[in-house]
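Structure, as structure tokens:
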Amino acid sequence: MTRRVYLDHNASTPVHPEVLAEMLPYFSEVFGNPSSVHAFGRAARDGMDTARERIGRFLSVSPEAIVFTSGGTESDNFAVKGIALARDRGHLITSRIEHHAVLRTCQALEGQGFEATYVPVDEYGMVDPEDVRRALRPHTILITIMHANSEVGTIQPIEAIGRIARERGIPLHVDAVQTFGKIEIDVERLGIAALSFSGHKIYGPKGVAGLYLRKGTKMVAVQHGGEHERRRRAGTENVPGIVGLGKAVEIRARDMRAETERLTALRDRLVEGVRARVPEVRLNGHPTQRLPGTNNLAFRHVESESIVLGLDLKGIGVSAGSACTAGHVEPSHVLVAMGVPLDWAMGAVRFSLGRSTTAEDIDYVIGCIEPLLAKLRQAMPVGAV
Ligand SMILES: Cc1ncc(COP(=O)(O)O)c(C=O)c1O
């Protein structure tokens, strides 16, 4: 049987068995509507309250500051639109490497009369806080910069950006979908007014997420309806999902440090192993200021899709750094913003490690990459991509 090695944890993670066990009763026995006053409803609300408390404790914030949503995408939309639309007009600052949930939301707001500046990044995918300062205008109403990039893993200098935001009294939203539960986040020290996070990146369920909102942050609801979530986000809550998210966070709080050390070592083992055996490979992203389990490797003059498919045949799951848009392959907006040359960017592959990853897995992957790349490069004339 082919070995199966999943190295796409930045895309999604399997639900932790302890998370699943905690969720199960909320699909059947504890099914009440958490807004109902009777015992059935109260039991569901208790489960939700526990989750809110666990997340509040993890972030050292009040549980009431957490709003549950349907995903990181909704959290980003809610934060950016909610803060912008609480003002009539204004100027937003974001970066060129944000997730599309932020980028396209900013673009949509531009279509509604708001202005936006998309600050550049350096060759490592890092935002310069001074660029954020230079982008400030008298009517800047929001700064939204991600904590770590999902494709290359570079961790942004949020504390310095937070200081700038604080000096000017401008709310800072941080998309922490890729860092929440993976690295330390101190929202107070970092100067964060709103923080997006998502369940399925941390061994919780899909379709459930949250937004931390600092008390006093001026914003409006984006989804209207009932009185749920203190009137900040209407709709009957996904109780089993929220319970699972809370449990996933509790587990991350317990395991995060040890896991960071282990994954950093495995991450570096992969880069060193590939570099030692495969010519013309480069690491995209910051050499050290990078997520513990994320490696974006570019193989020059090879199409990333061919590598992804070749590794898939060996039971290895990774993702490409390019996307097929309307029938033609385009490099990722992140790599373009970093100035990665096209002949490298088209061969970018992301390896994202997680809980189940072992040193044997990494060695197996390295062993598969070497002959695959040799074969692909033989089949493809140099400079063909
Ligand atoms: C940085 C970042 N923001 C937002 C999202 C969207 O999260 P969700 O899949 O929960 O909608 C992702 C998912 O990949 C992400 O990596």
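Atoms within each ligand, like the ligands themselves, are counted from 1 in listed order.
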Original post:
Which heavy atom of the protein is the closest neighbour of atom 13 (C) of ligand 1, given with residue, atom name and distance?
Top reply: Lys201 NZ, 2.9 Å
**OP:** Please check if any side-chain donor atom of Lys201 sits under 3.5 Å from a side-chain acceptor atom of Thr13, or the reverse.
**Re:** no
**OP:** Note the single closest protein heavy atom to atom 16 (O) of ligand 1, along with its residue, its atom name and the distance in Å.
**Re:** Gln178 NE2, 2.9 Å
Original post:
Quick one: do the Thr154 and Asn149 side chains pair a donor with an acceptor below 3.5 Å?
Top reply: no
Original post:
Nearest protein heavy atom to atom 15 (C) of ligand 1, by residue and atom, and its distance?
Top reply: His99 CD2, 3.3 Å
**OP:** Please report which non-hydrogen protein atom sits nearest to atom 7 (O) of ligand 1, along with the residue it belongs to and the distance in Å to one decimal place.
**Re:** Gly72 CA, 3.4 Å
**OP:** Please report the closest heavy-atom contact between Met146 and His99, naming both atoms and the distance.
**Re:** CE-N, 3.7 Å
Original post:
Heavy atom under 4.0 Å from ligand 1: found in Asn149's side chain, backbone, both, or neither?
Top reply: neither
**OP:** Indicate yes or no: does Arg137 engage Glu115 in a salt bridge with an N to O separation below 4.0 Å.
**Re:** yes
Original post:
Once the angle between the rings of Phe58 and Phe180 is folded into 0 to 90°, is it parallel (under 30°), tilted (30 to 60°) or perpendicular (over 60°)?
Top reply: perpendicular
Original post:
Met146 heavy atoms, cut-off 4.0 Å: which ligand 1 atoms fall inside?
Top reply: 1 (C)
Original post:
Looking only at heavy atoms, is any part of His200 under 4.0 Å from ligand 1, and if so is it the side chain, the backbone, or both, or is it neither?
Top reply: side chain
Original post:
Looking at Asp76, which atoms of ligand 1 are within less than 4.0 Å of one of its heavy atoms?
Top reply: 3 (N), 4 (C)
Subject >> Test item: side-chain donor near acceptor, Ser196 and His173, under 3.5 Å >> reply: yes
Original post:
Can you tell me which residue and heavy atom of the protein come closest to atom 1 (C) of ligand 1, and the distance to 0.1 Å?
Top reply: Asp175 OD2, 3.4 Å
Original post:
Would you say the side-chain atoms of Glu261 and Thr264 include a donor-acceptor pair closer than 3.5 Å?
Top reply: no
**OP:** With heavy atoms under 4.0 Å as the rule, classify the contact between Lys206 and ligand 1 as side chain, backbone, both or neither.
**Re:** neither
Original post:
Using the benzene-type ring in the case of Trp, are the ring centres of Tyr212 and Phe197 under 6.0 Å apart?
Top reply: no
Original post:
Considering only heavy atoms of Ser150, which atoms of ligand 1 have at least one such atom less than 4.0 Å away?
Top reply: 16 (O)
Subject >> Side-chain donor-acceptor contact under 3.5 Å, Thr179 with His147 >> reply: yes
Subject >> For Ser198, the ligand 1 atoms whose distance to one of its heavy atoms is below 4.0 Å >> reply: 10 (O)
Original post:
Which protein non-hydrogen atom lies closest to atom 6 (C) of ligand 1, naming both residue and atom, and how far is it?
Top reply: Thr73 OG1, 3.5 Å
